[in-house]
Amino acid sequence: MSNATPQLTPQDIRQALMAGEEIALLDVREEAPFAQGHPLWAANLPAGRIEIEAWQRLPRRDVRIAVYDNGEGLVEAAVQRLHALGYTQVHVLEGGLAGWQNAGYELFIDVNVPSKSFGEWLEAERHTPSLAAEEVQQLLDANADVVVLDARRFDEYQTMSIPGGVSVPGAELVLRAQALAPDPKTHIVVNCAGRTRSLIGTQSLINAGLPNRVSALRNGTIGWLLAGQQLDHGADRRAPVVDELARSEAAERARAVADRAGVRRATRAQLDQFGEESTRTTYRFDVRSAEEYLAGHLAGFRNYPGGQLVQETDHAAPVRGARIVLVDDDGVRANMSASWLAQMGWEAWVLDGVDAGDWNETGAAATTYPEPAGAVQDITVQTLAGWLDADGSSGRTAVLDFTGSASYVQRHIPSAWFVLRSQLAQALEAIPKAERYVVTCGTSLLARYAAQAVAEATGAPVYALAGGTQAWIAAGLPLEEGETRLASPRIDRYRRPYEGTQAPRSAMQAYLDWEFGLVDQLKADGTHGFNTL
């Protein structure tokens, strides 16, 4: 570690968090080790992904940053990369993760912990009503006047859902619930995979004053499976389009909740002033669906559907103490999402005064990435296919795939090795030496940043596959699947016990037990800043 890199003590960071000052505490390990233990407000930014994530997640270049690992030796490279990207206030957490723990401060396991722990805090404070899986099953079996609303992303809902449940992602609930339950006597049950989104979704409808009885499905699809009940797979039920009267009523309800939560109102002029400030970080999120965003959005706003934003604040806004400005076109989703951010201790704003003509940018948001160090020579998929065919079993060409391990296992170029950039030196020891190396990932965006290090370590020519593995797939060339050549461990993603359909019962129960203990951990930690309406 360079002696020039200043350090922040655990006490310095805790003091900044308690004072509401802007600080980004970055865990530069891969996601799986991060999930094994980290401070409450730490954000995971793996050292190998800094170039492709930092500018979007850390928009102000002079924000105060503290990086740490747990003795893996990742900090020095992370500091160098952050400096190369223009960050001027980069520090190292003194003593790393062990230093935080030795100072007597809490470590939290899992991912998206601020949001999950807030959900538990909310239930403890507000006594959010819930029903056990068996009780909901009885209602469904009896054809009771009940509707089940699934507050997760649509792709999660399609993977597994409660029989008869309808997909209504979290921020959409106040907007669309009454269209699905127009009779006040209809009982609304809100579910997610575990607990957080169902608790927040249920409390959203209660806070907004819906006349219906509203309950969370206790422990979500995990609780449903642990009760021995069957889930649907591949469901595609969505909420109907909302008419103008219902939209207007929902907007009034949402605005009242936002006002109670202390959400601030921004004009376009104020938004421009925020952009000119050099001492504050401002995140701008359009909280509508991805489809709506692509069809037309405001310049300078990134898309983050509101339910997921509230669920993933640590990923969306790594700078604790930053300002967050939300926008929508209905007055419901931004206000409800902002109400939750405000209760989680964020300075939350909603942009008002947006005209129909302002939604004039279409497509995905433009994203700027730094140039890789050193020139990288591209080759086409046809060239690579020719090299591999000519090589036969000689192994003259080694293909290094820097994509996520889940994507690699799903499909990859035949003979390609899975490599984590953060584990490059160890991976190259496991890969037979070749005469030339080709780096790829989904698009080769990340792979390009690893090319120079591969060249320096091997002394051989290194090429980037133009268009990455996606171009190989588009060309209809052969593919492999499975863990065929893992040169790095699959630690880039933490396997969540609540996703998919194959998690062991013991893991699901352990996850619930952990969530039940979060309130006590929050009290011991003391940096959460949560408040509830």
Side-chain angles (χ1 to χ4, degrees), residues 1-2 4-5 26 28-30 45-56 58 61 67 69 72-87 90 367-381 383-384 387-388 395-405 407-408 412-413 415-472 485-489 491-492:
M1 175 60 55
S2 170
T5 305
L26 304 180
V28 296
R29 300 174 295 167
E30 299 293 333
L45 179 55
R49 298 183 58 84
I50 285 174
E51 291 92 341
I52 64 171
E53 292 191 18
W55 283 355
Q56 285 71 54
L58 305 166
R61 307 290 169 83
V67 300
D69 62 16
E72 294 89 349
L74 301 169
V75 165
E76 186 167 2
V79 168
Q80 291 172 351
R81 289 166 191 167
L82 288 165
H83 281 152
L85 293 180
Y87 293 97
V90 182
T367 303
T368 303
Y369 300 103
E371 286 296 319
V376 182
Q377 184 175 343
D378 281 2
I379 60 164
T380 65
V381 294
T383 297
L384 176 58
W387 285 352
L388 295 176
R396 293 176 57 202
T397 305
V399 180
L400 310 185
D401 192 339
F402 291 88
T403 193
S405 62
S407 296
Y408 174 87
H412 55 264
I413 296 168
S415 80
W417 293 85
F418 169 69
V419 179
L420 282 173
R421 187 180 173 206
S422 63
Q423 309 279 317
L424 180 60
Q426 301 93 316
L428 289 173
E429 291 179 2
I431 298 171
K433 194 162 181 63
E435 294 181 15
R436 61 192 168 207
Y437 293 81
V438 177
V439 297
T440 187
C441 58
T443 63
S444 283
L445 174 64
L446 177 60
R448 291 175 184 278
Y449 295 108
Q452 185 179 47
V454 174
E456 291 173 354
T458 64
V462 178
Y463 307 88
L465 182 62
T469 306
Q470 289 181 12
W472 181 276
R485 292 171 185 82
L486 300 182
S488 297
I491 59 172
D492 57 308

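Position 1 is the first residue of the sequence; numbering continues from there. Worth knowing before you read on, the calculation uses all heavy atoms, side chains too, and leaves out hydrogens, waters and symmetry mates.
- To the nearest 0.5 Å, atoms OG (Ser422) and CZ (Arg29) are separated by 11.5 Å.
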**OP:** Evaluate side-chain contact (heavy atoms from CB on, under 4.5 Å) for Val399 paired with Thr440, printing each intermediate quantity in order.
**Re:** CA-CA 7 Å; Val399 180; Thr440 187; 4.0 Å; yes
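- Put simply, the side chain of Trp387 reaches to within 4.5 Å of the side chain of Arg436, judged on heavy atoms.
- Checked by atom type and distance alone, the side chain of Thr380 pairs as donor or acceptor with a backbone atom of Thr383 at under 3.5 Å.
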Quiz: residues 425-434 side-chain donor-acceptor pairs under 3.5 angstrom, not counting sequence neighbours:
unit_1, atom_1, unit_2, atom_2, d
Lys433, NZ, Thr458, O, 3.0

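- At least one donor-acceptor pair closer than 3.5 Å links the side chain of Asp69 to the backbone N or O of Leu74.
- At least one side-chain heavy atom of Val67 sits less than 4.5 Å from a side-chain heavy atom of Val79.
- A pairwise comparison of heavy atoms in Ala54 and Leu85 identifies CB-CD1, 3.8 Å as the closest pair.
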Original post:
Where do Thr403 and Thr469 land on the side-chain contact (heavy atoms from CB on, under 4.5 Å) test, with the steps shown first?
Top reply: CA-CA 9 Å; Thr403 193; Thr469 306; 6.0 Å; no
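- Contact record, Val439 with Ser444: O-OG, 3.9 Å, taken as the closest heavy-atom pair.
- Between Gln56 atom CD and Tyr369 atom OH the span is 5.5 Å, to the nearest 0.5 Å.
- Each of Tyr408, Phe402, Trp417, Phe418 was checked for a side-chain contact (heavy atoms from CB on, under 4.5 Å) with Ser488, and the lone residue meeting it is Phe418.
- The closest donor-acceptor contact from the side chain of Trp55 to the backbone of Pro370 lies at 3.5 Å or more, if one exists at all.
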**OP:** Please test Glu30 against Leu420 for side-chain contact (heavy atoms from CB on, under 4.5 Å), starting from the C-alpha separation and ending with a verdict.
**Re:** CA-CA 9 Å; Glu30 299 293 333; Leu420 282 173; 4.0 Å; yes
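- Salt-bridge annotation for Asp492 and Arg421: absent, with no side-chain N of the basic residue lying under 4.0 Å from a carboxylate O of the acidic one.
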**OP:** Apply the test side-chain contact (heavy atoms from CB on, under 4.5 Å) to residues Leu384 and Thr397: give CA-CA distance (whole Å), side-chain angles for both, the deciding distance (0.1 Å), then the verdict.
**Re:** CA-CA 9 Å; Leu384 176 58; Thr397 305; 4.1 Å; yes
